[in-house]
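Below: one structure, written as structure tokens.
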Amino acid sequence: MSAAPGALLAVVRGPAGLGLADGERAWAVPAAGPAAAARVLADLERERSPRWVWWSAREVLGPLAGHGGRDDRPPHLARAWDVAAVHRLVAGGGDDGPAAARAVACGLAPSAAPSPGQLDLGGDGGVPDGDGDDPVRPDGHLRPEWVDGSWADTPGRAARWAAAALGTAGLQRERLVATAGEHAVVTAWSESAAAVLAVELEASGVPFDVAAARRAVEAVVGPLPEDEAGAARSRAARDAPLQRLLGPGPTGAPVDLRSPAQVLDALARAGLDLPDTRSWRLERLAEEPGAPAVLRSLVAWRQAERLAVAHGPRWLAEHVAGGRLRAAWSASDGGAGRMTASAGVHSIPRELRDAVRAEPGHLLVRADLGQVEPRVLAVVSGDPALARDAAEDDLYAPVAARLRVARDVAKVAVLAAMYGQTSGAAGATMAAMERSYPRAVAMLVDAARRGAAGEDVRTAGGRLVRVPAVEEVPVEAGPAALERYRARLAGRGRFARNAVVQGSAAELFKAWAATVRARLAADGSGAVVLCLHDELLLHVREEDADAVAAGVVADLGTSAARWCRAVGGPPVRFTADVAVVDRWSRAKG
DNA sequence: TGCGTTTTGTTT
DNA sequence: GATTAAACAAAACGCA
């Protein structure tokens with residue numbers, strides 16, 4: 001659902017309750033195409049600092065993102081109330097369209113929400129689609145004929161659609177405060193800003209040198225093919241040496257290296273009995289003295305195959321254009337509301353980071369948070385000892401001292417506590433963790449208990465995290481089925497335990513990212529081009545790079561302090577490592 | 001043939 | 001004896 005060029009763009013200013021001094025006003029802006037819409041937005045921005053209210057940033061800004069200059073974005077655009085983003089916060093994900101968001105905001109069942117094309121049965125049975133219609137039915141739901149994007153047909157409809165967004169935002173706010181608490185309003189703001197950022201990330205992409213990427217892949221894989229036939233030839237050439245080492249399969253045909261089952265059989269014939277062919281297992285075996293040459297060859301083949309398939313010519317053609325790697329971005333996805341991206345942007349292998357390069361006259365600023373998760377744990381649990389330890393640059397040093405173990409052991413112990421690991425050396429240090437950080441551990445244990453019991457949990461900022469359903473097992477089920485059931489419950493416990501930390505960390509990160517975004521947009525020094533859970537990659541003008549690097553650290557100070565206050569935790573110190581580089585690969589980390 | 005599951009691998 | 005979280009993505013496998 002997006003406004004086509006030449007259609008209308010609905011822009012709304014919100015009421016005081018949404019963070020404004022101004023009264024309610026709904027705007028419907030006629031826009032002859034994205035460029036005109038961008039000018040209108042820029043004009044409106046000059047009026048004093050509104051908080052925009054929209055059904056979703058994607059709908060309103062998507063059509064004009066990328067217009068008006070790559071690095072030229074209205075700074076206050078992200079001061080918004082994004083109904084879809086707030087709905088995901090309130091409802092814990094799922095369908096975030098206007099109909100579902102409206103239903104939940106009204107306390108109605110989202111399943112009863114109308115969908116486009118559906119007969120309108122729930123209302124007054126009035127006139128179906130007149131210009132004078134209200135998008136909202138008397139029962140609170142949206143009218144189905146409004147949900148299909150036709151709000152953009154006339155100025156009158158756009159204005160009413162905008163007003164409905166405003167009304168929904170008000171209801172949402174009440175609901176949010178009632179279910180998650182007053183502090184969740186602050187989260188709603190930063191999540192809305194992240195939604196704007198997601199649209200911008202999608203439009204801008206990551207500066208990417210295709211030729212450098214090809215070279216990096218070729219260094220491992222060999223010359224890249226030009227077409228399908230060439231691809232088949234180079235695959236065969238890659239396979240042949242290893243196939244000769246493995247010998248023929250039972251049918252006499254060469255082993256299909258892409259079939260785990262066939263590779264497993266072939267290894268068994270070579271006298272290697274393995275439970276699976278995971279590369280870490282193969283690597284460990286290959287490193288042993290006297291290991292057969294096949295193993296080393298197989299490990300190398302796997303590495304090349306992976307790179308060729310995941311980041312070969314097809315991937316480059318599909319996702320890189322005009323010197324930018326582009327992906328679809330979600331501002332809050334998954335169990336805990338992290339930002340996610342398609343095209344494998346969050347798992348670009350190290351070899352390829354050399355291809356992420358600043359454009360002429362620009363530099364990259366890479367900033368990553370140090371030890372975010374334990375610091376976030378200190379905030380959300382309010383554990384005084386952990387909060388004190390966070391004062392150090394290296395949080396694990398004082399932890400090691402308290403636990404009376406080596407730093408590495410301490411680090412594993414903290415991570416294991418957050419992930420719910422109970423076996424091995426990490427399990428053994430749990431008792432010491434509990435003694436040293438009773439509040440932190442108690443909070444984690446409580447989240448795990450609630451998750452295992454099927455109760456939903458909330459992040460520090462108030463996001464609802466739904467634990468996955470686990471199918472009940474009848475009492476008379478066999479021991480294997482009962483064991484699987486128990487394992488699922490435990491898995492759900494670990495999920496919930498992790499989600500409260502990971503999800504809260506995502507909220508802190510987004511608050512920081514939004515602050516940095518506003519800084520860059522305000523002075524036109526550049527743009528955020530990549531968000532990687534605890535890492536920001538900025539593309540900035542060369543002459544501004546050092547100032548931006550300093551600014552990013554300052555922004556962390558202010559946004560982290562604000563976040564700690566908002567969620568009612570102690571003022572925990574957060575740190576960031578910042579590097580100014582021309583290529584991503586040159587920033588260590 | 002098509003669709004869902006399993007295996008594998010990369011990142012945080 | 002096991003049981004560290006999340007994500008995206010491709011190809012093989014298994015079943016109807």
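Hydrogens, waters and symmetry mates play no part in the numbers below; they use all other heavy atoms, side chains included. Residue numbering restarts at 1 for every chain, and letters A, B, ... go by the order of the sequence lines.
- Of the candidates B:dT7, C:dT4, C:dA10, C:dT4 carries the atom nearest the A:R494 side chain, counting heavy atoms from C-beta on.
- Rounded to whole angstrom, the span from the NE2 atom of A:H311 across to the P atom of C:dA10 amounts to 10 Å.
- Here the P atom of nucleotide C:dA11 and the CZ atom of A:R302 are 14 Å apart, to the nearest Å.
- In terms of heavy atoms, A:A496 sits closest to A:G451 at CB-CA, 3.6 Å.
- Using a 4.0 Å heavy-atom cutoff across all strands shown, A:A341 reaches sugar-phosphate atoms only and no base atom.
- Among the nucleotides B:dT12, C:dA12, C:dA5, the one closest to the side chain of A:D256 is C:dA12.
- Within 4.0 Å of A:A343, counting heavy atoms only, lie sugar-phosphate atoms of the nucleic acid but no base atom.
- Residue contacts for A:R306: at a heavy-atom cut-off of 4.0 Å it reaches a base atom on one of the strands shown.
- Closest contact between the side chain of A:R278 and the listed nucleotides B:dT7, C:dT3, C:dC8 involves B:dT7.
- A:R492 comes within contact range of no nucleotide atom at all, as no heavy-atom separation falls under 4.0 Å.
- Atom P of nucleotide C:dC8 and atom CD of A:E318 are separated by 16 Å, given to the nearest angstrom.
- Comparing the same atom, P, in B:dT7 and in C:dT3 gives a spacing of 14 Å after rounding to whole Å.
- By the 30° and 60° cut-offs, the orientation of the rings of A:W512 relative to A:F509 is perpendicular.
- Here A:T340 does not reach the OP1 or OP2 of C:dA6: none of its side-chain N or O atoms lies under 4.0 Å away.
- In this structure, the CG atom of A:D408 is 19 Å from the P atom of C:dT4, given to the nearest Å.
- The side chain of A:N498 has C:dA5 as its nearest neighbour among C:dA5, C:dA12, B:dT12.
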Item to check | Residue pair A:D276, A:R281: steps toward the side-chain contact (heavy atoms from CB on, under 4.5 Å) verdict | outcome: CA-CA 8 Å; A:D276 57 53; A:R281 203 187 296 282; 3.0 Å; yes
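- A side-chain contact (heavy atoms from CB on, under 4.5 Å) with A:L530 is found for one member of A:L325, A:V345, A:I348 and no other, namely A:V345.
- When atom types are taken as modelled, the side chain of A:R497 and the backbone of A:Y419 share no donor-acceptor pair closer than 3.5 angstrom.
- Side-chain nitrogen and oxygen atoms of A:S347 include none within less than 4.0 Å of the OP1 or OP2 phosphate oxygen of C:dA7.
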